[in-house]
Amino acid sequence: MKFSPSTVLALAVALAALPATFGLAGQKRATAYFNPADGGGSMFIDAGNGLGEPLNVIISGLSSSDVLNEDGLINYARAIGFSTECFGIHLGNPFPANLGDGHGWVNQTVELREDYGDASAGTCLESLIGGNHFRVYFQNGPSADSGAAFLGVSKEEPATDNHDIVPDGYNIGRDELVAGAVGTTSYNGVTYSTTAQNVTGLLPVGSNGVNHGIAIDGIVTVLTVTIQ
């Protein structure tokens, strides 16, 4: 069967219009994050003792996709003053989190520590004298695939105090990480631009159920990271 040029043109126009007809034109799947509670999850990491540690920073799913994977996030962390653990050795048990994405309770992807200006060995100093650190969890399950990275950030005591969290350490850790991230940073030839927005309603206020009995202010800071 042969079609005239005018028929072919009409079919092409009709096919091109289909996305708009069904509301698909320019549609984006990306979202900043999903509230874990909506999928049966929690904004608290399971500390293994019946208590939890807050997921108090989210790297938005609207960030550059190259940030939202383990290697990309590690490079970003090095741009804002953190790095992998001293000689790759992790002391202590991993903590799981349930981001309500259909994966259930999953152990941290990676734990990163303040590097005191030396990405190669500075975390050894943090392990000794204490400082800021965070655990990373990606929301990428079948029922809530935002791609966002949820961070549990806290400032801890030195090894001589068993790396307990300093007083007000969850709020302090979050605020110090955000202060070092906002604006323009770079590492290993990659330049990042980061903006921040504080969100309430995801976490409660107070110390009920919080590890070490340390009160939190209920603020989660959402970072949007764009590679330049």
Side-chain angles (χ1 to χ4, degrees), residues 32-61 63 65-78 80-115 119 123-124 126-127 130-157 159 162-165 169-170 173-174 177 181 202-204 209-214 216 220-223 225:
Y33 59 88
F34 295 104
N35 184 348
D38 292 342
S42 174
M43 284 294 292
F44 282 96
I45 299 165
D46 181 359
N49 57 0
L51 300 172
E53 300 200 342
L55 292 163
N56 47 11
V57 173
I58 298 173
I59 298 180
S60 166
S63 300
S65 60
D66 284 349
V67 177
L68 299 175
N69 58 70
E70 183 175 355
D71 288 342
L73 194 140
I74 289 173
N75 197 79
Y76 175 66
R78 287 171 170 155
I80 65 172
F82 294 82
S83 193
T84 50
E85 297 195 88
C86 179
F87 300 118
I89 299 171
H90 176 70
L91 300 178
N93 296 322
F95 288 175
N98 182 349
L99 300 183
D101 61 359
H103 281 327
W105 291 91
V106 178
N107 285 338
Q108 64 211 40
T109 299
V110 65
E111 186 167 350
L112 299 165
R113 298 183 180 278
E114 187 173 357
D115 67 14
T123 58
C124 296
E126 193 279 342
S127 294
N132 215 358
H133 78 306
F134 62 91
R135 305 171 195 269
V136 181
Y137 306 83
F138 289 102
Q139 190 177 56
N140 55 10
S143 59
D145 187 9
S146 69
F150 285 61
L151 314 183
V153 191
S154 57
K155 189 163 187 175
E156 60 184 6
E157 303 277 11
N162 300 312
H163 284 163
D164 284 344
I165 307 302
Y170 298 115
R174 176 202 62 214
L177 181 147
L202 294 173
L203 282 171
V210 182
N211 202 21
H212 306 291
I214 297 173
I216 58 175
V220 176
T221 301
V222 179
L223 302 178
V225 184

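- In this structure the side chain of Ser143 never reaches within 4.5 angstrom of the side chain of His103, judged on heavy atoms.
- The distance from atom CD1 of Ile80 to atom CG of Leu177, rounded to the nearest 0.5 Å, is 4.5 Å.
- Using a 4.5 Å cut-off on side-chain heavy atoms (C-beta onward), Val106 and Tyr137 make no contact.
- The closest side-chain heavy-atom distance from Phe150 to Ile58 is below 4.5 Å.
- In this structure a side-chain-to-backbone donor-acceptor pair under 3.5 Å is present from Asp101 to Asn140.
- With contacts defined as side-chain heavy-atom distances shorter than 4.5 Å, the pair Thr221/Val153 does not qualify.
- A donor-acceptor contact closer than 3.5 angstrom is absent between the side chains of Glu70 and Thr109.
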Can you give each donor-acceptor pair under 3.5 Å made by side-chain atoms of residues 41-53, sequence neighbours left out, with the distance rounded to 0.1 Å?
{"residue": "Ser42", "atom": "OG", "partner": "Phe44", "partner atom": "N", "Å": "2.9"}
{"residue": "Asp46", "atom": "OD1", "partner": "Gly48", "partner atom": "N", "Å": "2.8"}
{"residue": "Asn49", "atom": "OD1", "partner": "Leu51", "partner atom": "N", "Å": "3.1"}
{"residue": "Asn49", "atom": "ND2", "partner": "Asn211", "partner atom": "OD1", "Å": "2.9"}
{"residue": "Glu53", "atom": "OE2", "partner": "Tyr170", "partner atom": "OH", "Å": "3.2"}
{"residue": "Glu53", "atom": "OE2", "partner": "Asn211", "partner atom": "ND2", "Å": "2.9"}

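- Annotation: the span from Asn56 atom CG to Leu151 atom CG amounts to 8.0 Å, rounded to 0.5 Å.
- Proximity of Val57 to Phe134: side-chain heavy atoms (C-beta onward) are nowhere separated by under 4.5 Å.
- The shortest non-hydrogen separation linking Ile214 to Gly169 is CG2-N, 4.1 Å.
- In this structure, Gly61 and Ala148 approach most closely via the heavy-atom pair N-CB, 3.7 Å.
- The OG atom of Ser60 lies 9.0 Å from the CG atom of Leu223; values are rounded to the nearest 0.5 Å.
- Taken to the nearest 0.5 Å, the CD atom of Glu114 stands 10.5 Å off from the OG1 atom of Thr123.
- The pair Arg113-Glu156 counts as a salt bridge, with a side-chain nitrogen and a carboxylate oxygen less than 4.0 angstrom apart.
- Of all heavy-atom pairs spanning Arg78 and Thr84, the tightest one is NH2-OG1, 3.3 Å.
- Residues Gly152 and Leu55 approach most closely at N-CD2, 3.8 Å, considering heavy atoms.
- Between Ser63 and Ile59, the closest heavy-atom pair is OG-CG2, 3.7 Å.
- The minimum heavy-atom distance linking Gly100 with Ala144 is given by the pair O-CB, 3.7 Å.
- The CG atom of Asn132 sits 8.0 Å away from atom CD of Glu126, with the distance rounded to the nearest 0.5 Å.
- For the atom pair OH of Tyr33 and CD of Gln139, the computed distance is 10.0 Å after rounding to the nearest 0.5 Å.
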